[in-house]
Q: 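Okay, here's the structure, questions in a sec.
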Amino acid sequence: MGKFLRIFFGCHGRADRSFFFRGRQFPICARCTGELIGILCGIPIVLFIGYASFPMTLLLMAPLVADGFLQLLTPYESKNYRRLITGILFGVAFVFFLIYYYRANIIVAGTIVKWFIDPAKVDKAMEQFLWQTGQICLTTLCI
């Protein structure tokens, strides 16, 4: 399972950047652990509450990106708990991002299909697909 998680997340699995439990290293680093937790928490958030606006989704992803680049470009080294928190935020936002990606693909595909099929029928089909992921913003996160 650990090897699968490392491959799935593209994780380095470095011991100095990983958590330990009862003397055993987690299979993925602290940041990837946070992303996994965020993804697992993001799914029920979307199902029961809804998802954030696109600008808020990008804002939730920003801390991980900023922390990663700060470590890459400077001698700064963040602690594992910061990596965990930024990973959780990114994981939740990643679930939101996948919904926006799905919706964008439906719109692009529908626009192309309209060239070949009756536009009214395509609009009706697109409406059904997009209704499944209706825009339900988290009331405190909408921008």
Side-chain angles (χ1 to χ4, degrees), residues 1-115 117 119 121-143:
M1 182 69 158
K3 188 174 183 176
F4 166 76
L5 286 172
R6 282 192 183 143
I7 292 169
F8 182 75
F9 283 98
C11 182
H12 52 69
R14 287 177 38 184
D16 63 324
R17 293 187 177 181
S18 298
F19 291 115
F20 285 80
F21 182 71
R22 294 186 179 170
R24 295 188 64 195
Q25 180 183 343
F26 278 29
I28 52 179
C29 71
R31 184 168 285 136
C32 293
T33 300
E35 289 176 25
L36 179 60
I37 292 168
I39 290 168
L40 294 175
C41 292
I43 294 168
I45 288 172
V46 167
L47 291 175
F48 296 113
I49 299 172
Y51 54 97
S53 65
F54 191 72
M56 182 55 68
T57 298
L58 295 178
L59 193 62
L60 289 171
M61 290 180 161
L64 181 136
V65 174
D67 187 52
F69 273 112
L70 190 61
Q71 286 184 116
L72 180 67
L73 301 173
T74 68
Y76 167 77
E77 184 85 14
S78 66
K79 304 291 183 215
N80 283 345
Y81 288 105
R82 178 170 293 182
R83 291 186 187 109
L84 178 73
I85 297 301
T86 59
I88 291 171
L89 293 173
F90 189 90
V92 170
F94 184 71
V95 173
F96 299 160
F97 184 81
L98 288 177
I99 291 170
Y100 283 107
Y101 181 75
Y102 166 82
R103 292 174 62 85
N105 280 304
I106 294 297
I107 292 167
V108 169
T111 303
I112 293 169
V113 170
K114 282 182 186 180
W115 296 341
I117 299 177
K121 290 180 181 179
V122 174
D123 285 337
K124 185 176 179 181
M126 285 175 53
E127 186 178 310
Q128 289 176 337
F129 275 107
L130 294 175
W131 180 82
Q132 294 172 0
T133 59
Q135 179 65 33
I136 305 168
C137 284
L138 298 171
T139 54
T140 58
L141 297 179
C142 286
I143 290 181

Q: Taking atom CZ of Phe97 as the centre, does the number of heavy atoms from other residues, nucleotides or ligands within less than 6.0 Å exceed 12?
A: no
Q: In Å, rounded to the nearest 0.5 Å, how long is the span from CG of Leu64 to CD1 of Ile88?
A: 11.5 Å
Q: Say you draw a straight line from CZ of Phe90 to CD1 of Ile39; how long is it, rounded to the nearest 0.5 Å?
A: 8.5 Å
Q: Taking the inter-plane angle between the rings of Tyr81 and Phe19 on a 0 to 90° scale, is it parallel (under 30°), tilted (30 to 60°) or perpendicular (over 60°)?
A: tilted
Q: Under 4.5 Å between any side-chain heavy atoms of Thr57 and Tyr51, yes or no?
A: no
Q: Salt bridge (Lys or Arg N to Asp or Glu O under 4.0 Å): which pairs involve residues 66-93, sequence neighbours left out?
A: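 For residues 66-93, and leaving out neighbouring residues, the salt bridge (Lys or Arg N to Asp or Glu O under 4.0 Å) pairs sorted by first residue read Arg17-Glu77, Arg31-Asp67, Glu77-Arg83.
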Q: Restricting to non-hydrogen atoms, name the atom on Gly38 and the atom on Val92 that form the minimum distance, rounded to 0.1 Å.
A: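 Here Gly38 and Val92 meet closest at O-CG2, 3.3 Å.
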Q: So with a 6.0 Å cut-off around CZ of Phe94, is the heavy-atom count from everything else above 12?
A: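 Check fails, neighbour count at 12 or below.
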Q: My understanding is that only residues two or more places apart in sequence, or in another chain, count here; which of them pass side-chain contact (heavy atoms from CB on, under 4.5 Å) with Ser18?
A: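 Applying side-chain contact (heavy atoms from CB on, under 4.5 Å) to Ser18 gives Gln25, Cys29.
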Q: Under the side-chain contact (heavy atoms from CB on, under 4.5 Å) rule, collect the residues that match up with Lys121, sequence neighbours excluded.
A: Asp118
Q: To the closest 0.5 Å, what do you measure between OG (Ser53) and OH (Tyr100)?
A: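 Rounded to the nearest 0.5 Å, the OG-OH separation comes out at 5.5 Å.
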Q: Would you say that Val95 contacts Ile45 through its side chain, given a criterion of any heavy-atom pair below 4.5 Å between the two side chains?
A: no
Q: I'd like to know whether CZ of Phe20 has more than 12 heavy-atom contacts from other residues, nucleotides or ligands below 6.0 angstrom.
A: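 Atom CZ in Phe20 is packed in, count exceeds 12.
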Q: Going by the rule side-chain contact (heavy atoms from CB on, under 4.5 Å), which residues pair with Leu70 if we only count those two or more places apart in sequence or in a different chain?
A: Thr74, Tyr76
Q: Would you name the heavy atoms of Leu89 and Pro63 that are closest together and state the gap between them?
A: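 Looking at all heavy atoms of both residues, the closest pair is CD1-CG, 4.2 Å.
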Q: With sequence neighbours excluded, tell me which residues meet side-chain contact (heavy atoms from CB on, under 4.5 Å) with Ile106.
A: Tyr102, Met126, Phe129, Leu130
Q: Enumerate the salt bridge (Lys or Arg N to Asp or Glu O under 4.0 Å) contacts for residues 36-47, please, sequence neighbours excluded, ordered by first and then second residue.
A: none
Q: Which value, rounded to the nearest 0.5 Å, describes the distance between Glu35 atom CD and Thr33 atom OG1?
A: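 Interatomic distance, Glu35 CD to Thr33 OG1, rounded to 0.5 Å: 9.0 Å.
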Q: Any side-chain heavy atom of Leu84 sitting closer than 4.5 Å to one from Ile37?
A: yes
